[in-house]
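Here the structure is laid out as structure tokens; the discussion comes afterwards.
Only heavy atoms go into these numbers, but all of them, side chains included; no hydrogens, no water, no symmetry mates.
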Amino acid sequence: MKISRHRNLALLAMVALILASVLLFLYLKSSSDQTTTYTESRDVIGRMKQLNAQWETEILKARITLNHNYDPLVTPLTEMTELWQHFESMESNHGRNASPEWKESHDAYLAAIKEKTRLVEQFKSHNAVLRNSLAFLPTAEDDIQQPLTQVVGVDPLQLQNIATDTYDLLLSSLEFAQVTSDERAADILVGLNKLGVNQERLPEAFHVPLDTLSNHVALILREQPIVNGLLEKIEAVAVAQRLDNINNLLNEDQQRADAVNQRYHFFMLVFSVLLVLLLVYLAIRLMRSFSEISRVNSALQTANNDLEQRVEERTRELKDTQSELLDTARQAGMAEIATNVLHNVGNVLNSVNISADLVTRKLRNSKALGLGKAMQLINQHPHDLGTFLDDDEKGKLLPGYLNQLVEAIALEHQGMADELAQLTKSVDHIKDIVSTQQSYAGASSLLEPLHISELLEDALRMNSGALTRHHVTVVKDYAEVPQVMGDKHRLLLILINLISNAKYAMSDLSNRPRQITLGVKIVDANLLQISVKDDGEGILEENMTRIFAHGFTTRKDGHGFGLHSCALAAIEMNGHLTAYSDGPGKGARFTLQIPLKTVEDDA
């Protein structure tokens with residue numbers, strides 16, 4: 001019966017696995033980033049069209065001399081080339097550019113941009129010469145008009161006619177540059193003939209200025225039609241139309257991809273419904289099995305009661321200690337001492353709560369549950385137990401299973417005993433904190449032999465739960481340090497506070513791993529240095545002088561007692577506690593230095 005039930009459950013699990021695999025396959029097929037790539041590709045095409053329009057605008061500006069710098073005629077082409085390379089790299093990842101339509105559109109765009117580039121280069125060379133001559137015309141005309149007023153021995157009416165002819169030629173040339181037509185070209189030719197006749201009537205000193213003016217006007221007459229023709233050819237190059245064709249191909253391809261995704265989504269819906277129905281059925285089966293598990297758990301209730309009673313006694317002892325702590329602080333009338341004690345006890349309470357919770361969870365998930373199953377098999381064969389153990393396949397495995405179960409239960413009990421020992425150690429530390437604070441007003445420190453590395457491990461264990469929840473990695477940089485004489489509980493108070501603060505400083509860190517570095521070394525041969533470094537939020541420069549002040553804190557739920565009590569404890573040990581940070585977001589390092597007194601020196 002059980003074998004049949006197990007076979008059915010295995011079959012259902014296999015069906016669920018197959019459905020989940022199909023759903024995962026459909027999800028991977030339908031959750032591609034094609035929509036995003038289509039949007040990015042269209043955005044690139046749109047930017048290229050904007051640059052093409054900007055390019056044509058700059059050409060027109062150069063045509064009417066609004067811009068004498070030809071760099072704007074090069075920049076759009078450079079940016080369009082970079083965007084086109086980016087576009088081709090995106091399209092190559094999806095294989096769309098392998099189709100004949102894509103290849104034809106791409107080749108047409110490249111041919112258009114190549115032709116437009118060639119025409120723009122010709123326009124730049126011809127337009128530069130043309131603009132230079134147009135800009136020089138007024139100067140050349142002034143070089144003629146001014147000397148005419150100083151000519152002696154020539155009929156004034158004739159001089160006036162020469163000046164008028166020269167000015168008319170200038171105006172005709174400028175009008176021809178604005179509106180190019182055969183009629184204005186004929187006027188310029190007539191003006192050039194008049195200029196040649198007037199040159200013979202004037203002294204030889206006028207020949208060079210007149211030749212210069214004539215050459216520039218002739219150049220304008222020759223270059224202006226060429227520039228206009230190049231502008232018409234540039235305008236006729238259909239770069240924007242080629243880009244529109246590529247954009248239309250993108251739209252068509254996206255429509256086809258969307259249709260395929262819709263089919264995948266429909267299949268996902270169907271298989272999701274099947275998987276949900278199967279999971280509901282499995283949930284019902286599991287709920288029925290839960291009652292059987294509850295009956296097995298009742299066999300462990302006796303053992304659990306004993307351990308829970310011990311936990312309750314430790315908790316009651318902890319509450320009594322906390323009550324004694326509050327009464328002592330109130331009777332002494334020292335508010336600062338009371339707040340420091342509560343803060344330090346709170347740090348240790350985190351470790352106590354973690355240990356108690358861990359023991360409770362171990363009790364609930366104890367390996368002893370398997371004992372009930374083993375006894376159930378034995379109870380099914382009260383009269384043929386020996387035959388069952390010798391011949392039955394399950395009976396043969398039962399002694400080995402019981403041996404493994406005994407070892408597992410022993411390991412569980414050892415683990416819970418260790419946790420209870422850690423719990424007792426934390427309670428003793430709380431008592432010592434209370435005792436130390438009661439003699440705060442001048443009593444000497446209680447020195448005892450210490451291994452600093454073991455003390456650091458104790459502080460880490462008391463913060464282990466919080467460090468694990470916040471995914472904090474601890475790096476240990478311990479140098480060789482001999483056994484020293486020190487105040488264990490003051491040192492432990494400082495270390496627990498510094499590690500807890502380092503953990504809180506990295507609570508909002510998400511762009512890099514959360515890491516605390518603990519360091520121990522001897523400096524200057526007579527100082528013991530312990531450092532706690534974090535990669536968290538750092539410290540503002542203006543807060544460096546206030547970080548150890550009573551009541552100062554940067555945390556929303558902080559009280560400003562921890563670092564203040566740590567600084568006082570360091571002073572009581574004839575040492576000092578310092579903080580360093582490169583600024584916000586760059587972490588912080590707290591360093592404790594106390595006089596080094598080894599056990600050998602004390603002896």
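Between Arg589 atom CZ and Asp582 atom CG the span is 8.5 Å, to the nearest 0.5 Å. Rounded to the nearest 0.5 Å, atoms CD1 (Ile452) and CD (Gln483) are 9.5 Å apart. The CG atom of Leu577 lies 10.0 Å from the CD atom of Gln593; values are rounded to the nearest 0.5 Å. To the nearest 0.5 angstrom, Ile522 atom CD1 is 6.5 Å from Leu528 atom CG. Distance check, rounded to the nearest 0.5 Å: OH of Tyr504 to CD of Glu537 gives 12.5 Å. Note: Asn501 CG to Ile496 CD1 = 12.0 Å, rounded to the nearest 0.5 Å.
More than 12 heavy atoms of other residues, nucleotides or ligands sit less than 6.0 Å from atom CD of Glu313. Within 6.0 Å of atom CG in Asp508, 12 or fewer heavy atoms from other residues, nucleotides or ligands are found, so the atom counts as exposed in its surroundings. Residue Glu541 qualifies as open at atom CD: its count of foreign heavy atoms under 6.0 Å is 12 or below.
Residues Ser565 and Leu493 form a side-chain contact, since some pair of their non-hydrogen atoms from C-beta on lies under 4.5 Å apart. With contacts defined as side-chain heavy-atom distances shorter than 4.5 Å, the pair Ile516/Met506 qualifies. Under the 4.5 Å side-chain criterion, counting only non-hydrogen atoms from C-beta, Met485 is in contact with Pro449. The side-chain heavy atoms of Leu456 and Tyr478, taken from C-beta on, include a pair separated by under 4.5 Å. Side-chain atoms of Leu518 and Ile499, non-hydrogen and from C-beta on, do get closer than 4.5 Å to each other. You'll find the side chain of Leu592 stays beyond 4.5 Å of the side chain of Cys566, heavy atoms only.
Taking all atoms of both residues into account, the shortest heavy-atom contact from Gly587 to Ser581 is O-OG, 2.7 Å. Pairing each heavy atom of Asp524 with each of Leu527, the nearest pair is OD2-CD1, 4.3 Å. Across every non-hydrogen atom of Leu447 and Asp487, the tightest pair is CD2-N, 3.7 Å. The minimum heavy-atom distance linking Met573 with Ile494 is given by the pair CE-CD1, 3.7 Å.
Judged purely by atom type and a 3.5 angstrom limit, Ser531 has no side-chain atom pairing as donor or acceptor with the backbone of Phe590. Asp43 places no side-chain N or O within donor-acceptor distance of the main-chain N or O of Thr39, the cut-off being under 3.5 Å. For Arg514 (side chain) and Leu509 (main-chain N/O), a donor-acceptor pair under 3.5 Å exists by modelled atom type.
We find that Glu457 and Lys476 are joined by a salt bridge, their nearest charged nitrogen and carboxylate oxygen being less than 4.0 Å apart.
Every residue two or more places apart in sequence or in another chain was checked for a side chain to side chain donor-acceptor pair (under 3.5 Å) with Gln515, and none qualifies. Checked against salt bridge (charged side-chain N to carboxylate O under 4.0 Å, His left out), Lys49 has the following partners two or more places apart in sequence or in another chain: Asp244. Take Asn305 and apply the side-chain contact (heavy atoms from CB on, under 4.5 Å) test, not counting sequence neighbours, and it matches Gln301, Glu308. Considering only residues two or more places apart in sequence or on other chains, Asn251 meets the side chain to side chain donor-acceptor pair (under 3.5 Å) condition with Arg42. With sequence neighbours left out, the side-chain contact (heavy atoms from CB on, under 4.5 Å) criterion links Ser507 to His470. Checked against side-chain contact (heavy atoms from CB on, under 4.5 Å), Ala567 has the following partners two or more places apart in sequence or in another chain: Phe548.
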Next item on the list: Apply the test side-chain contact (heavy atoms from CB on, under 4.5 Å) to residues Ile45 and Phe87: give CA-CA distance (whole Å), side-chain angles for both, the deciding distance (0.1 Å), then the verdict.
Entry: CA-CA 8 Å; Ile45 295 297; Phe87 174 76; 4.0 Å; yes
